[in-house]
Protein chains: 2
Amino acid sequence: MKNDLTNGLGTKHPCAQNACAEGVTGIRDALYVLNGKWKLPLIFALTEGPARFKDIQRTVGDITAKVLSKELKDLELNEFVIRTVLPTTPVTVSYELTPYSLSLHKVIKELKDWGIQHRQRIIASRKVNNKLESK
Amino acid sequence: MKNDLTNGLGTKHPCAQNACAEGVTGIRDALYVLNGKWKLPLIFALTEGPARFKDIQRTVGDITAKVLSKELKDLELNEFVIRTVLPTTPVTVSYELTPYSLSLHKVIKELKDWGIQHRQRIIASRKVNNKLESK
DNA sequence: GATATGGGTTTCCCAAAGGATACCGGTATC
DNA sequence: GATACCGGTATCCTTTGGGAAACCCATATC
């Protein structure tokens with residue numbers, strides 16, 4: 001037998017025929033603008049409405065002012081966020097989602113739900129392990 | 001007026017009262033295991049069925065063997081992927097999604113769709129700019 | 001005997017991400 | 001007068017992500 005290339009994998013992978021290329025590209029495009037540790041959490045933090053710099057910082061936790069400042073600029077550039085300086089004393093700055101960023105709603109919802117579920121799964125599996133260890 | 005803190009932002013941001021904390025944590029948890037340029041594209045590339053190392057490499061394109069190897073190990077550790085060595089000559093290695101990774105289906109679908117849509121938007125807006133420039 | 005393929009590993013390297021800390025001007029509060 | 005808050009900057013530093021290229025063994029093919 002001339003080295004059966006299917007190897008039980010089913011003749012050929014569709015992706016090998018470039019059928020998945022568009023999907024992979026889509027995901028890579030999305031990740032290109034949403035990359036990093038903070039962009040999605042930040043967008044999520046603004047879904048309930050506009051917020052100010054320090055408020056955002058407190059909400060998302062851990063993020064330093066420098067990083068927050070840079071991430072917000074990125075989000076502004078990519079038209080996810082609008083920055084407004086309010087003429088109060090002292091000035092306050094409001095960050096607000098753009099209509100376009102609302103198109104990310106489902107992505108963010110699914111990711112959030114998955115994350116919550118994943119944490120519970122991890123915790124549950126740790127409990128099981130602890131029980132096994134204490135035997 | 002005692003410096004109205006609402007600043008037109010609506011009395012207080014819910015997040016400031018910690019109401020969004022679970023959501024932010026969920027997103028951060030998800031990103032923690034799905035971080036980087038490659039994990040989501042890789043999982044997507046496997047959604048059509050098992051595939052071998054080189055096949056995956058060709059499908060996602062650009063990824064070096066070293067990085068692919070490391071990413072697949074990560075995915076294995078987090079129970080998204082199963083690695084199977086088949087006793088052929090030469091050995092072939094099959095990577096396959098776990099049932100758990102199927103829970104990412106919606107996340108990946110939404111991200112992919114968004115990415116495809118986003119690329120079209122960018123292209124469309126470039127066309128508009130070109131027209132404006134050529135006036 | 002040379003070359004190709006599969007499935008990687010090793011080494012070296014660079015750029016980017018991101019954290020820590022200090023600081024800024026202006027205002028308000030104790 | 002000291003302190004705190006707001007919305008950031010500037011500087012320095014470490015970590016990581018990830019690319020390039022070489023190499024590995026084994027088989028198979030020309």
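Below, all heavy atoms of this structure are taken into account, side chains as well, without hydrogens, waters or symmetry copies.
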Undergrad: What is the distance, to the nearest angstrom, from the CG atom on A:D74 to the C1' atom on C:dA16?
TA: 12 Å
Undergrad: Ignoring hydrogens and geometry, is there a side-chain-to-backbone donor-acceptor pair from A:T59 to A:D55 under 3.5 Å?
TA: yes
Undergrad: Quick check with a 6.0 Å cut-off and a 45 degree axis cone: is A:R52 positioned over the face of A:Y95's six-membered ring?
TA: no
Undergrad: Nearest whole Å is fine: how far is C:dG18 C1' from A:D62 CG?
TA: 12 Å
Undergrad: Return the 5'-most residue of the pair A:K70, A:A65 with respect to DNA chain C, ranking by each residue's nearest nucleotide.
TA: A:K70
Undergrad: Mind checking B:V91 for me? I need base, sugar-phosphate or nothing, with any heavy atom below 4.0 Å counting as a touch.
TA: sugar-phosphate
Undergrad: Mind calculating the distance between NZ (A:K39) and C1' (C:dG18) to the nearest angstrom?
TA: 11 Å
Undergrad: When the distance from CD1 of B:I63 to P of C:dT9 is rounded to whole Å, what number comes out?
TA: 13 Å
Undergrad: Parallel, tilted or perpendicular for B:W114 and A:Y100, by the 30°/60° rule?
TA: tilted
Undergrad: According to a strict under-4.0 Å criterion, is B:W38 in side-chain N/O contact with OP1 or OP2 of D:dG19?
TA: yes
Undergrad: Under 3.5 Å, side chain of B:Q57 to main-chain N/O of B:I63, donor-acceptor pair present?
TA: yes
Undergrad: Report the nucleotide, chosen from C:dG7, C:dG18, D:dG19, that has the shortest atom-to-atom distance to any side-chain atom of B:R52.
TA: C:dG7
Undergrad: Could you tell me the separation between the CD atom of B:Q57 and the C1' atom of D:dA20, rounded to a whole number of Å?
TA: 13 Å
Undergrad: Given that B:S69 and A:N35 both sit by DNA chain C, which one's nearest nucleotide is further toward the 5' end?
TA: B:S69
Undergrad: Roughly how many Å is it from NZ in B:K54 to P in C:dG6, rounded to a whole number?
TA: 6 Å
Undergrad: Side chain to side chain contact (heavy atoms under 4.5 Å, CB included) with A:L111: which of B:L104, B:I108, B:L34?
TA: B:L34
Undergrad: Round to the nearest Å and state the distance from A:Y95 atom OH to D:dG8 atom P.
TA: 4 Å
Undergrad: Using a cut-off of less than 4.0 Å, is there contact between a side-chain N or O of B:R58 and OP1 or OP2 of C:dG6?
TA: yes
Undergrad: Between D:dC24 atom C1' and B:K66 atom NZ, what is the distance in whole Å?
TA: 17 Å
